[in-house]
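Quick caveat, the model's predicted, so the values are computed rather than measured.
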Amino acid sequence: MLDLGYVRDHLDVIRKMTENRGVSLDLDAFQSIDTERRRLITEAEQLKAHRNRVSEDIGRRKKAGEDISAISAEMKQTSQQIKQFDERIAELDERLREFLLTVPNLPHSSVPIGRDSSDNVEVRRWGQPPKFDLTPRPHWEVAEAAGILDLERAARIAGSRFALYCGLGARLERALANFFLDVHTREHGYTEFLPPFIVSTESLTAVGQLPKFAADMFHLEATDWWMTPTAEVELTNLYRGETLDADLLPLRVCAWTACFRSEAGAAGRDTRGIVRQHQFQKVEMYKFTLPDQSYAEHESLVRDAEDLLQRLGLHHRVVLLSTGDMGFASAKTYDIEVWLPSTNGFMEISSCSNCESFQARRAGIRFRPKTGGRADYVHTLNGSGLAVGRTWVALVENYQQPDGSILIPEVLRPYMGVERIPALGTK
RNA sequence: GGAGGAGUGGGUGAGUGGUUGAAACCGGCGGUCUUGAAAACCGUUAGGCCCGUGAGGGUCUCGGGGGUUCGAAUCCCUCCUCCUCCGCCA
């Protein structure tokens, strides 16, 4: 959420931003609501000031034993007037809040202006695509042949877009998650949390998932609960409503969770395999920083995610998203895309965003400057480090062998206990 | 699920329906003192919104919402959260 005063005073900036992002907002409606609201507040507050003065006076007169019935009756009317004002103001407040909740964040000046993903800018690449003598097979073929994935039984249990990992496939998923968490907590300076996988409406609103993206999530019927779409929700809400000590910043946290997405509107996209699922595991990295640190921390956040891919030896690239492709709450986003041999292209495996104060304002997360002075909003950053299921996919495809086995990268062997996952019926 | 108790400023914790936005203490910041530091002492130390170029003024907030009242941290209703005991349970 942007600051109300900022929006009011920079309507031209907001208008330009909506053009760049390719969204539309009714700014005229905003202006008329805002103007009327302020007019009513001024009037109501004048009445309240009057009431406060008279009430104090009544107190004094009553003590002195004077008769106060006339003045008291008059004040009763005033109070009723105030109540009417307050009701109208509350209505306008609600409408203004609803409007502000639909205004996306302002993109940073370094973000390329563009319509969609075709205007994204590749920042760097790492490694090379692996060479194959035979045409590489897609992950679902390799995995089912190795007996580590069973999509039919997954469908029997829950339906389509769910995975059932089997044997070493399940262990590989678990190994990846552990590997990610170990590197982040022991080497990258993150503190690990294991949060609830179910979150409240309030938490989702603070992050910006609600009210806009209700259709993308699973809502638990007749409750205020939702299945979490990303641990970004839980990690943002760790400090909701708190004023943090500036000495604690930057605060780096991470969490492994399952993530749940309805994928409504994704019908027909990525239907083969397990790239797009209703449930997947992800290790999320998250930072709370001082405003002047956030862009440096953003760069290191991306490096922390890339580091994992490099240790796994997976070819990837980093892409800077254009204004038209960026998420609602983000001021700047890098996507990391990993090489997928079967598609002869890249697949998104991490998204690292600097939300600046956008989420912090909504979630009420401040810091008190060391020098004293006013509490200000922290900047928040989030990034996948990494999507576990998609890393699993990338590993299976990039490390598939001619004999149908899957080689395990060196760094994962301590977690796996084996050097390769054999094809079914072999050793 | 049942019974009881509690939610006050960065923290601990007072608070009678009427200068209590809130004592006191701790912590933070600034200062005095000191070669420096500690101690001591003095000052200062919530946020939102509205008006105002500014200085400043006003208003709201004592878990959330509603009510009673001329006036609510204080009385009433309701919801939420936490704690204790019982029940159930991985």
Taking the P atom of each, how far is B/C83 from B/G31, in whole Å?
->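 Pairwise P distance, B/C83 against B/G31, rounds to 43 Å.
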Considering only atom P, compute the distance from B/A6 to B/C77 and round it to an integer number of Å.
->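 14 Å, rounded to whole Å.
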Output yes when at least one side-chain N/O atom of A/Arg38 is less than 4.0 Å from OP1 or OP2 of B/C51, else no.
-> yes
What is the distance from CG of A/Asp93 to P of B/U59, rounded to the nearest Å?
->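 Spelled out: CG on A/Asp93 to P on B/U59 is 18 Å.
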Dot-bracket for RNA chain B, 5' to 3', with Watson-Crick and G-U pairs under 3.5 Å, [ ] for crossing pairs and | for other-strand pairs: what is it?
-> ((((((((.[[[..)..(.....]]]((((((.......))))))((((((....)))))).[[[[[..)....]]]]])))))))....
Hey, do the aromatic rings of A/Phe367 and A/Phe288 have their centres closer than 6.0 Å?
-> no
When rounded to the nearest Å, what value does the distance between C1' atoms of B/G66 and B/A72 take?
->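 These two C1' atoms come out 14 Å apart once rounded.
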In B/S/- notation (B base, S sugar-phosphate only, - none; protein heavy atoms under 4.0 Å), nucleotides 69-82 of chain B written 5' to 3' is SBS-----------
For residues 79-87 of chain A, tabulate all N or O donor-acceptor pairs below 3.5 Å that involve a side-chain atom, not counting sequence neighbours.
| unit_1 | atom_1 | unit_2 | atom_2 | d |
| --- | --- | --- | --- | --- |
| A/Ser79 | OG | A/Arg51 | NH1 | 3.3 |
| A/Asp86 | OD1 | A/Lys48 | NZ | 3.3 |
| A/Asp86 | OD2 | A/Lys48 | NZ | 3.3 |

For B/G56 and B/U8, measure between their P atoms and round to the nearest Å.
->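 Looking at atom P only, B/G56 and B/U8 are 32 Å apart.
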Anything under 30° is parallel, anything over 60° is perpendicular, the rest tilted; go ahead and classify A/Tyr165 against A/Trp392.
->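 Perpendicular, since the angle between the ring planes exceeds 60°.
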Determine whether the aromatic ring centres of A/Phe218 and A/Phe260 lie less than 6.0 Å apart.
->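 Judged by ring-centre distance (under 6.0 Å), A/Phe218 and A/Phe260 do not meet the cut-off.
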Report the distance from atom CG of A/Asp9 to atom P of B/C51, rounded to the nearest whole Å.
->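 A/Asp9 atom CG is separated from B/C51 atom P by 10 Å.
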For the ring pair A/His379 and A/Tyr295, is the centre-to-centre distance below 6.0 Å?
-> no
Report the distance from atom CG of A/Leu92 to atom C1' of B/C49, rounded to the nearest whole Å.
->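 A/Leu92 atom CG is separated from B/C49 atom C1' by 14 Å.
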On RNA chain B, nearest-nucleotide positions of A/Tyr377 versus A/Ala49: which is more 5'?
-> A/Tyr377
Take A/Ile41 and A/Lys48, find for each the nucleotide of RNA chain B with the closest heavy atom, and name the residue whose nucleotide sits nearer the 5' end.
->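 In this pair, the answer is A/Ile41.
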In whole Å, what separates the P atom of B/G67 from that of B/A73?
-> 15 Å
What integer number of Å spans the C1' atoms of B/G5 and B/G17?
-> 25 Å
What's the shortest heavy-atom distance between A/Phe99 and A/Asp26, and which atoms?
-> CE1-O, 3.8 Å
Inter-nucleotide C1' distance (B/C60, B/U20), Å rounded =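 Per the computed distance, 16 Å lies between those C1' atoms.
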For A/Asp86 and B/U61, give me the distance from atom CG to atom C1', rounded to whole Å.
->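 Checked: the CG to C1' distance equals 13 Å.
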Taking CD from A/Gln46 and P from B/U59, how many angstroms apart are they, rounded to a whole number?
-> 11 Å
Name the nucleic acid region contacted by A/Arg8, choosing base, sugar-phosphate or nothing; use a 4.0 angstrom heavy-atom cut-off, strictly under.
-> sugar-phosphate
Rounded to whole angstrom units, what separation is found between the CD atom of A/Glu45 and the C1' atom of B/U61?
-> 13 Å
Considering only atom P, compute the distance from B/U45 to B/G57 and round it to an integer number of Å.
-> 14 Å
How many Å lie between CZ on A/Phe367 and P on B/A46, as a whole number?
-> 17 Å
Phosphate contact (B/G18 OP1 or OP2) by A/Arg60 side-chain N/O below 4.0 Å | no
When rounded to whole Å, the CZ to C1' distance for the pair A/Arg366 and B/G48 reads 8 Å
A/Asp182 with A/Arg186: basic N within carboxylate O range, under 4.0 Å |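 Result for this pair is yes, salt bridge flagged.
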Which pair of non-hydrogen atoms, one from A/Asn237 and one from A/Ser203, has the smallest distance, and what is that distance?
->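 Looks like ND2-O, 3.0 Å.
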Pairing of A/Glu297 and A/Arg252 as salt bridge, 4.0 angstrom limit = yes
Does a side-chain N-to-carboxylate-O contact under 4.0 Å join A/Arg53 and A/Asp57?
-> no
CD of A/Gln277 to OG of A/Ser160, rounded to nearest 0.5 Å, is 9.0 Å
